[in-house]
Amino acid sequence: MTGVAATIRLVALAGLVSAMLPTVPALAHAQAAAVPPAKTAKKPKEPKPLGETKVPRMFQAETPIALTFTANLRQLRRDKGATPPWRAATLAYADSAGKQIVVPLRARTRGIWRLRECSFPPLRLNFSGKETKHTLLDDLEKPKLVNFCKDNDQYEQYILQELQLYRIYQLLTPISHRVRLARVSYVDSASTKRDAERYAIIVEDPDELARRHSGTLLKTRGAAVSDFEAPQLALTYLFQYFVGNLDFSFSGLHNAELLLTGDGRLLPIAYDFDFSGAVNAAYATPPPNYNVRAVRIRKFLGPCGVSAEYPNALARFVEKKDAIYALYHDDVGKLMDPRVVKETLSYFDEFYDALRTPRDAARNVFDRCIGPA
């Protein structure tokens, strides 16, 4: 099932209709109508048109950017509810002439596990187009800040390791989030004291990702294998196997997004890779239902329904192997602990060794697919 048929099935699963199923344009209208009106008298910001390809300045380079995040940090640490409020904050940086640029914004906490376990919560930022005009932060809208969990060098390495997985994903497919590494100083606005200074990842706003691919994000759970575009689904499942990640679900929208294109294609997008074997964080554990002892042990979750596409997906990994490994030796990769780099590349070697020939790939990975063909 593809295109309009896929969308119809997903809409039915969400209970958006009761008798007659809508077409793709009707679904987009229904989703827009379902959004409650804003509780403000302000004129809403005009959305950018679908398919706009302008790259925000933040993502036009990969050199780490130095930022100062100022907010009531004590207040943010206390925001652990499911619907945390937006808090006033600022981001500051030095422009090319050395002038300090200060941009007001709002920030709020996000996540589930990290809100319980981390000494500093992960954040989502919210920029106003008016305030960011002509700055490095223009067109960012609502990016995630993947920041430190605990203020020590080991947890900072996890940030750098996860950044590399986002960069690899971008090498393999444009249907992925842009990222930029930042060196962030965290300043408490109440005391004016610096709380910490650590690397963080700025991750592209999902709506911006959707716009640059002339699509919208589908919030409906329950997508079946047949709903997806097969080549992209195969590539994304193989990427999750490559990095050793089991902490996701495309049908359940867990660490995953669904991109519905204007021509009716449904494409999976993965994010959040800190529970993967490639990162191998001390806190990471495999989901209990997979009977896997440790996150470093790979398990192929790819569906058998797209088996014909796995060899083509593997060819993409082979084509990009040198570029993938090169990421660990460029200026960003050199920020990582050399021992961690060695361990990570050894982990990737295991993938390529196990899939060295078509027969190896079938026996060791692809024949272990899940579900009917």
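Just so it is clear, the values below take in all heavy atoms, side chains as well, and ignore hydrogens, waters and symmetry mates.
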Inset, instruction - Check Asp274 against Ala281 and note the closest heavy-atom contact, atom names and distance. - result: O-CB, 3.8 Å
Inset, instruction - Could you tell me which non-hydrogen atom of Gln161 sits nearest to which non-hydrogen atom of Val279, and how far apart they are? - result: NE2-O, 2.9 Å
Inset, instruction - Give a yes or no on whether Tyr169 and Val332 share a hydrophobic cluster (residues Ile, Leu, Val, Met, Phe, Trp, Tyr; joining criterion: side-chain heavy atoms under 4.5 Å apart). - result: yes
Legend entry - Residues that Arg124 engages under side chain to side chain donor-acceptor pair (under 3.5 Å), provided they are two or more places apart: none
Inset, instruction - State the CG-CG distance between Leu345 and Asp349, to the nearest 0.5 angstrom. - result: 7.0 Å
Inset, instruction - Group every Ile, Leu, Val, Met, Phe, Trp and Tyr by side-chain heavy-atom contacts under 4.5 Å, then state whether Tyr290 and Phe248 land in the same group. - result: yes
Inset, instruction - Report, as yes or no, whether the 6.0 Å neighbourhood of atom NZ on Lys321 holds more than 12 heavy atoms from other residues, nucleotides or ligands. - result: yes
Inset, instruction - Step through the shown structure and confirm whether more than 12 heavy atoms of other residues, nucleotides or ligands are within 6.0 Å of CG on Asp353. - result: yes
Legend entry - Positive for side chain to side chain contact (heavy atoms under 4.5 Å, CB included) with Pro84, one of Leu123, Thr109, Leu76, Leu115: Thr109
Legend entry - Heavy-atom pair with the smallest gap, counting every atom of Arg363 and Asp360: NH2-OD1, 2.9 Å
Legend entry - Taking every non-hydrogen atom, the tightest pair across Pro174 and Arg212: O-NH1, 3.3 Å
Inset, instruction - Start with the C-alpha distance between Lys144 and Asp272, add both sets of side-chain angles, then the distance that settles salt bridge (charged side-chain N to carboxylate O under 4.0 Å, His left out), and finish with yes or no. - result: CA-CA 11 Å; Lys144 286 196 305 187; Asp272 275 5; 3.2 Å; yes
Inset, instruction - Using only heavy-atom distances, determine whether the side chains of Gln170 and Arg167 contain a donor-acceptor pair under 3.5 Å. - result: no
Legend entry - Phe275 ring center within less than 6.0 Å of Tyr283 ring center: yes
Legend entry - Test: Asp139 and Arg211 ion pair at under 4.0 Å: no
Legend entry - Any Arg110 side-chain heavy atom under 4.5 Å of Pro121 side chain: no
Inset, instruction - Could you check Tyr155 against Tyr158 for ring-ring contact (aromatic ring centres under 6.0 Å, His included), going step by step and ending with a plain yes or no? - result: CA-CA 5 Å; Tyr155 277 78; Tyr158 297 154; 5.2 Å; yes
Inset, instruction - Just say parallel, tilted or perpendicular for the rings of Phe348 and Tyr325, cut-offs at 30° and 60°. - result: tilted
Legend entry - Pairwise distance CG(Leu266) to CG(Leu259) - rounded to 0.5 angstrom: 8.0 Å
Inset, instruction - Could you grab the distance from atom CD1 of Ile201 to atom CG of Leu160, nearest 0.5 Å is fine? - result: 7.5 Å
Inset, instruction - Count the heavy atoms of every other residue, nucleotide or ligand shown that sit under 6.0 Å from CG of Asn291, and state whether that count exceeds 12. - result: no
Inset, instruction - Flag yes if more than 12 heavy atoms outside Lys133 fall under 6.0 Å of its NZ atom; otherwise flag no. - result: no
Legend entry - Rounded distance (nearest 0.5 Å) linking atom OG of Ser119 with atom CZ of Phe148: 5.5 Å
Inset, instruction - Quick one: pull up CZ in Arg221 and NE2 in His254 and give me the separation to the nearest 0.5 Å. - result: 10.5 Å
Inset, instruction - To the nearest 0.5 angstrom, please state how far the CG atom of Leu91 sits from the CG atom of Leu145. - result: 7.5 Å
Inset, instruction - Given salt bridge (charged side-chain N to carboxylate O under 4.0 Å, His left out), test Asp367 with Arg359 step by step and report yes or no. - result: CA-CA 10 Å; Asp367 287 351; Arg359 183 178 179 181; over 6 Å; no
Result block: side-chain N/O donor-acceptor pairs under 3.5 angstrom for residues 294-316, not counting sequence neighbours:
residue	atom	partner	partner atom	Å
Arg296	NH1	Gly277	O	2.7
Arg296	NH2	Glu343	O	3.0
Arg298	NE	Tyr241	O	2.9
Arg298	NE	Phe242	O	3.2
Arg298	NH1	Tyr347	O	3.2
Arg298	NH2	Phe242	O	2.8
Arg298	NH2	Tyr347	O	2.9
Ser307	OG	Cys304	O	2.8
Tyr310	OH	Pro303	O	2.6
Arg316	NE	Leu172	O	3.0
Arg316	NH1	Glu319	OE1	3.4
Arg316	NH2	Leu171	O	3.3
Arg316	NH2	Leu172	O	3.4

Legend entry - same_hphob_cluster(Ile324, Val243) at 4.5 Å side-chain heavy-atom cutoff: yes
Inset, instruction - Have a look at Arg87 and tell me which of Asp79, Asn126, Asn72 forms a side-chain hydrogen bond (donor to acceptor under 3.5 Å, both in side chains) with it. - result: Asp79
Legend entry - Taking every non-hydrogen atom, the tightest pair across Ala61 and Arg180: O-CD, 3.0 Å
Inset, instruction - Answer with yes or no whether the hydrophobic clustering places Leu125 together with Leu137; edges join I, L, V, M, F, W, Y residues whose side-chain heavy atoms lie under 4.5 Å apart. - result: yes
Inset, instruction - Heavy atoms only: give me the nearest Val179-Val203 pair and the separation to one decimal. - result: CG1-CG2, 4.1 Å
Legend entry - Phe317 and Phe351 aromatic ring geometry - parallel, tilted or perpendicular at 30°/60° bounds: tilted
Inset, instruction - For Arg198 and Asp151, run salt bridge (charged side-chain N to carboxylate O under 4.0 Å, His left out): C-alpha distance rounded to whole Å, both residues' side-chain angles, the deciding distance at 0.1 Å, then the answer. - result: CA-CA 8 Å; Arg198 292 290 178 183; Asp151 186 14; 2.7 Å; yes
